[in-house]
Each structure stands twice: as structure tokens, then as C-alpha cells.
Amino acid sequence: MAATSHSLLSPAPTSLPRARITFPVARAVALRRRPSFPAVAAAVSSMASSDGEEKKETKLWGGRFEEGVTDAVERFTESISYDWQLYKYDIMGSKAHASMLAAQGLITTGDRDIILEGLDQIEKQIQDGKFEWRKDREDVHMNIEAALIEKVGEPAKKLHTARSRNDQIVTDLRLWCRDAIDKILIRIKQFQVSLVLLASKYVDLIVPGYTHLQRAQPVLLPHLLLSYVEQLERDAGRLLDCRERVNFCPLGACALAGTGLPIDRFKTAKDLKFTAPMKNSIDAVSDRDFVLEFLAANSIAAIHLSRIGEEWVLWASEEFGFLTPSDKVSTGSSIMPQKKNPDPMELVRGKSARVVGDLMTVLVLCKGLPQAYNRDLQEDKEPLFDSVKAILGMLEVCSEFAQNISFNSKRIQSSLPAGYLDATTLADYLVKKGVPFRTSHEIVGRCVALCVSKNCQLTELEMHDLKAVHPVFEADVYAYLGVENAVNKFISYGSTGSEQVKKQLEDWRLQLGINP
Ligand SMILES: N/C(=N\CCC[C@H](N)C(=O)O)N[C@@H](CC(=O)O)C(=O)O
């Protein structure tokens, strides 16, 4: 199996094509010689010796073992099929570790330079797709370390001084999460910009506001779109908070107890741009609370995106007809020629399920673990990678959808008279006339009942109709009726009143660096 270079902004597949998975040299020979399944399985991860006998490669941890693991165990315990994605961070950590060992006199500077050069070559091989990932070497750490030993010999055998895979994996993971968070933050901002640009196109468009999915009060469309922007801002804030706690360095905690060797954990932490080394070596290798926090932040963001997806799918329906996605963000039906489906937003809604599922997986994974490291923790990676891949894709597609929809102003406007959207404004009018709110609520309720019986709007009630309900009504009431009048009456901070919304739109444009 060979890795290709990739960035999280264009996520790489979580596993590479099976055809590229390579096993030790004897495998092809063994496959030809003994084609039955058990025999083929027996050949996995084995090496041919010169006399044709198959011999397992000695594991880097193999000193006390007389026999190799079974093929089933090898297949079951390997993680290289997905943790290869950590290679960049594993190499980064190894380089910082080697430099620290040299600075502390634990290895010579000559050995350090050989190790650093060898790691650079391995990184290039991986990026060029020329590195052979081997399942019999279990994971990303052992693959890189074994390859380094093959490449540069003795000096590489010193790299694992004062280090365990337990602190190595969690260091890799923290570095990976830090970068992943930064990439998600960029995508959140891109979606916010798309929403603000969309809002700027419809500054005066009034839409029905819903509660219980029933018509409630009129709102400006930009007000609704900025509500998404606010939610995304909190999503970003949660990720930034999480990043603070991610950014502590476990390297040097070793297996769980630290080391008797004179290492400098502050140097490795600084070189890897962590805030500080983690204070307790048992905690450092044990906990995945930073993964949980990250997955939880992703889950909340995914739920926000799912709700937007639901709203836009609904609004794109014939029944609402409030928005039209362009062809660029729609798909068709294999049987119904007329269909134009808003699939991307349905899948945004759908993929939120896996993001929440990923959080649940790691929550349950962690719940029964005693201190310190347990192999169960290997199972945190696939949900983590999956969650990040999903959320990046969801944000990208939401942003593109926002850039490729138009709101159907005419249809929306023609729908506005329905639902008595101005009723609450009418109640506020009565309050301004000195009527207690509970009484005004009752009066307006009676006005609405009158409209229902006459099949008309509140604006269409004659003065004598209104006076018949309550004598407090005067001619100025008509300045409160109808959705335009009603929207103009909103003045409270954060309300849908056009002054408020225009100011907030301006603030967001400034904050997001959108030029006038
Ligand atoms: N096997 C092990 N850690 C493996 C960590 C890497 C693993 N692929 C993972 O993803 O968690 N722990 C050994 C120590 C070691 O192998 O360094 C132990 O504590 O006995």
C-alpha cells in the first residue's frame, strides 16, 4: 500500500486501494504455490528465506517471543490500513525526539543527522507513493521505524530511546487534530462568507418566520441567513477552545511512567509548537478526551449544518417553492425525467448522522478503560478521521450550495399574506395604547377569528370591524398591519428590524473581511 500526498482540504481516502497493499516478498510466491484460503492467509506477512522456507520477520518487539502471531491476529490487530494517514505527524514527532536526544547527549549529533536525513527520505517516498506499507509491521510507527532501520542501520535503532508507541501515537494524534481543526475553521469561515454574500443580495426580502413550522412572524431573509452565521461562529469558537486543550505535548511520557533517562520534554514540546508538555505521564498516554471534545464540537457543527440542509430541502420543494438551487448543485432521477433533487443538502443532513455516530463510538470506546494505555484506543482513529472528512465535505458543499441558490422573491412575497404574520405587531400596537399585553393578546385573537370567518387579512378589516372588537383601535393601526409595516416596527437589539439587520450585515462583512 502506498500513500499519496494529500491535504485535509481535499481529504484523502481513509484507506488506499487494496491492490496497492503489499506484503513481504514471499507472498506472491506463496499465493501461486498454495491457492487455498487458509494457505494464502498463512502466507500473509511472511518472508521467504533462501531455502524457500517461510519465515516471519522478527517484530521490533519480538525478543521474548518464540512464535509469530497467527494471520488472523495480524489482520485483526493491524492499524496501518488507516493510521498511515498520521505519517507526517509521526515523522515530525520522531525528528523532534531525535533532536532532543542529541541535545541531551543521549545520541550523537552524527546519529541525529543520519536519522533526520533518513526520515526526510522516507517522507518523500511516502509522498511520492513509493513507500511500502506493511501490515506485518502493524502500525505507522513500526512501519516508519523499521523502514528507517533498513535504510540507515544502527543509528535508527537509537530513535526509540525514551519513547513508547503509547506517547508516540497520542502525540501524532494531537498534532493531526490541531491541523484538522485549523482546516475546519477555514471551511467554516468560507461558508460564513458565502452566507453573508447571499444575505447581501436580499437585504429587503421579507420571508415568513416559523415556529413549530407554523407561520409566526415576518422576518428579513438576511436575518435568517445571519442566524446560521452566528451558529457557525459558535461552532468555530468550540473548535478553538478544543484546540487549546489539544495543544499539549504527551511526548516523553513513554509507556506510562516517564523515563529515568535525562530527556528534555520542554524542548520537544516547544519544537512541535505545543503550549507545554503534559504534566502527568499516566494522563498523557491514557486519555482521549481531546478526541471526544473535537468529535463533540464536530457533532454540534454537523447538527447545525443538518438543520440548514433540512430547511433548504424544504424550501426547495414545490410546496414551499422559496428557493431554487442551480443545476450545478442539483441531481436528477434515473426514472423521473422531470426531477431536480437537492441531493447535496440531503446528504449534508445524512452525513451528520455519521459525525454523531463517530462521537458515540469513541465515547463508548473510552468508557470502560482503566489507566493507562489500552489497545482499545487504536479504535479511536477511524471515527476521528471519518468525522473530520465528513465535516470538511459538508462545509464545502454547504458553501457551494449557498453560492448556487436563488430565492424566489415573487413566490415568497405572494405567500406573505397568509398566516396573520402581523398579529403580534398588532398586539404590540395595543400595548402602546396602554392595553395590558394579556388583554391585547385576547383582542387580537378575536380580530384573527373575525378574519377567519370573513376569509380576509388583518389589513383588510375595516375600522368599524376593529372598533366592534375593541374601541381602542384608531386609524393609526393600519401603520402596523401588513408584513412590511410589521417588519419595520421591530427595533429591539438583535431583532429582524431592517436597521438592526443592516447593521449586523455590515458588522459581519467587516468581521469576515468582505469588501464593500
Ligand atoms: N502496543 C502498544 N501501543 C500501541 C500504540 C499504537 C496503536 N497502533 C494505537 O493506535 O493505539 N503499547 C505497548 C507499548 C509499545 O508498544 O510501545 C504497551 O503498553 O505494552
Side-chain angles (χ1 to χ4, degrees), residues 60-61 79-80 83-126 131 137-179 246-287 290 372-373 377-378 381:
L60 285 179
W61 43 253
S79 53
I80 192 59
D83 71 10
W84 64 268
Q85 294 174 79
L86 296 170
Y87 76 85
K88 184 175 132 192
Y89 307 97
D90 198 70
I91 289 173
M92 208 186 278
S94 287
K95 283 171 139 184
H97 187 66
S99 300
M100 180 278 291
L101 291 177
Q104 296 299 104
L106 288 163
I107 62 172
T108 65
T109 52
D111 283 348
R112 175 201 61 199
D113 293 344
I114 291 168
I115 290 170
L116 296 185
E117 170 61 23
L119 287 169
D120 280 342
Q121 286 176 19
I122 287 173
E123 186 164 20
K124 180 150 186 354
Q125 273 179 286
I126 297 171
F131 187 80
R137 288 177 177 169
E138 283 188 32
D139 55 28
V140 65
H141 324 298
M142 304 289 249
N143 263 271
I144 291 175
E145 190 184 338
L148 188 67
I149 293 169
E150 268 172 10
K151 192 179 278 290
V152 306
E154 284 302 304
K157 294 185 181 168
K158 300 176 186 169
L159 176 59
H160 212 53
T161 307
R163 189 177 74 169
S164 158
R165 280 186 294 170
N166 299 352
D167 58 339
Q168 207 179 343
I169 184 59
V170 71
T171 303
D172 293 5
L173 218 50
R174 283 178 181 270
L175 289 169
W176 189 90
C177 285
R178 194 172 70 182
D179 270 9
V246 162
N247 204 28
F248 284 85
C249 187
L251 199 59
C254 303
L256 79 162
T259 176
L261 295 168
I263 60 171
D264 181 355
R265 292 193 57 214
F266 289 86
K267 175 171 167 49
T268 35
K270 186 161 175 258
D271 288 355
L272 292 168
K273 299 192 170 51
F274 283 113
T275 308
M278 291 183 73
K279 282 199 241 169
N280 182 305
S281 62
I282 298 176
D283 172 47
V285 297
S286 293
D287 211 346
F290 67 99
Y373 175 81
L377 292 174
Q378 183 166 294
K381 272 154 231 65

| task | Taking all non-hydrogen atoms of both residues into account, name the closest pair between G118 and K151 and its distance. | result |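 Taking every non-hydrogen atom into account, O-CD, 3.9 Å.
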| message | On a heavy-atom basis, which atom in S94 and which in L159 lie closest, and how many Å separate them? | response | O-CD1, 3.7 Å
Are the side chain of [X] and the backbone of [Y] linked by a donor-acceptor contact shorter than 3.5 Å?
X    : Y    : result
H141 : S164 : no
R265 : C249 : yes
D83  : D139 : no
D167 : C254 : yes
R174 : V246 : yes

Separation of [Y] [atom2] from [X] [atom1] (nearest 0.5 Å):
X    : Y    : atom1 : atom2 : value
I115 : E145 : CD1   : CD    : 9.5 Å
I263 : T161 : CD1   : OG1   : 10.5 Å
I107 : M100 : CD1   : CE    : 9.0 Å
Y373 : Q378 : OH    : CD    : 5.5 Å
L272 : N247 : CG    : CG    : 10.0 Å
I144 : R137 : CD1   : CZ    : 11.5 Å

| task | Sort out for me which residue in M142, H160, E138 forms a side chain to side chain contact (heavy atoms under 4.5 Å, CB included) with L60. | result | M142
Report yes if the side chains of [X] and [Y] come closer than 4.5 Å at any heavy-atom pair, otherwise no.
X    : Y    : result
T268 : P277 : no
T171 : H97  : no
S99  : L116 : yes

| message | Apply salt bridge (charged side-chain N to carboxylate O under 4.0 Å, His left out) to residues D271 and K267 and explain how you reach the verdict. | response | CA-CA 6 Å; D271 288 355; K267 175 171 167 49; 2.9 Å; yes
| field | Pair L256-N166, side-chain contact (heavy atoms from CB on, under 4.5 Å): steps then yes or no | value | CA-CA 7 Å; L256 79 162; N166 299 352; 5.7 Å; no
| Stepwise, does the side-chain contact (heavy atoms from CB on, under 4.5 Å) test hold for I169 with L377? | CA-CA 10 Å; I169 184 59; L377 292 174; over 6 Å; no
| task | Measure from NZ or CZ of R178 to the centre of the six-membered ring of F274, then state whether that distance is under 6.0 Å and the direction lies within 45° of the axis. | result |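 So R178 does make the cation-pi contact.
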| field | Steps toward side-chain hydrogen bond (donor to acceptor under 3.5 Å, both in side chains) verdict (Q121, E117) | value | CA-CA 6 Å; Q121 286 176 19; E117 170 61 23; 2.8 Å; yes
| task | Name all pairs fulfilling the salt bridge (charged side-chain N to carboxylate O under 4.0 Å, His left out) condition that reach into residues 98-114, sequence neighbours left out, sorted by first residue then second. | result |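 Of all non-adjacent pairs touching residues 98-114, those that pass salt bridge (charged side-chain N to carboxylate O under 4.0 Å, His left out) are D111-K158.
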| Among pairs that include at least one residue of residues 86-102, which meet salt bridge (charged side-chain N to carboxylate O under 4.0 Å, His left out), considering only residues two or more places apart or in two chains? |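 Found K88-D179, K95-D120.
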| request: Evaluate the side-chain contact (heavy atoms from CB on, under 4.5 Å) criterion for residues L173 and F290: first the C-alpha distance (whole Å), next the side-chain angles of each, then the deciding distance (0.1 Å), finally the verdict. | output: CA-CA 10 Å; L173 218 50; F290 67 99; 4.2 Å; yes
| query | Could you walk me through whether N143 and W84 pass the side-chain contact (heavy atoms from CB on, under 4.5 Å) check? | reply | CA-CA 9 Å; N143 263 271; W84 64 268; over 6 Å; no
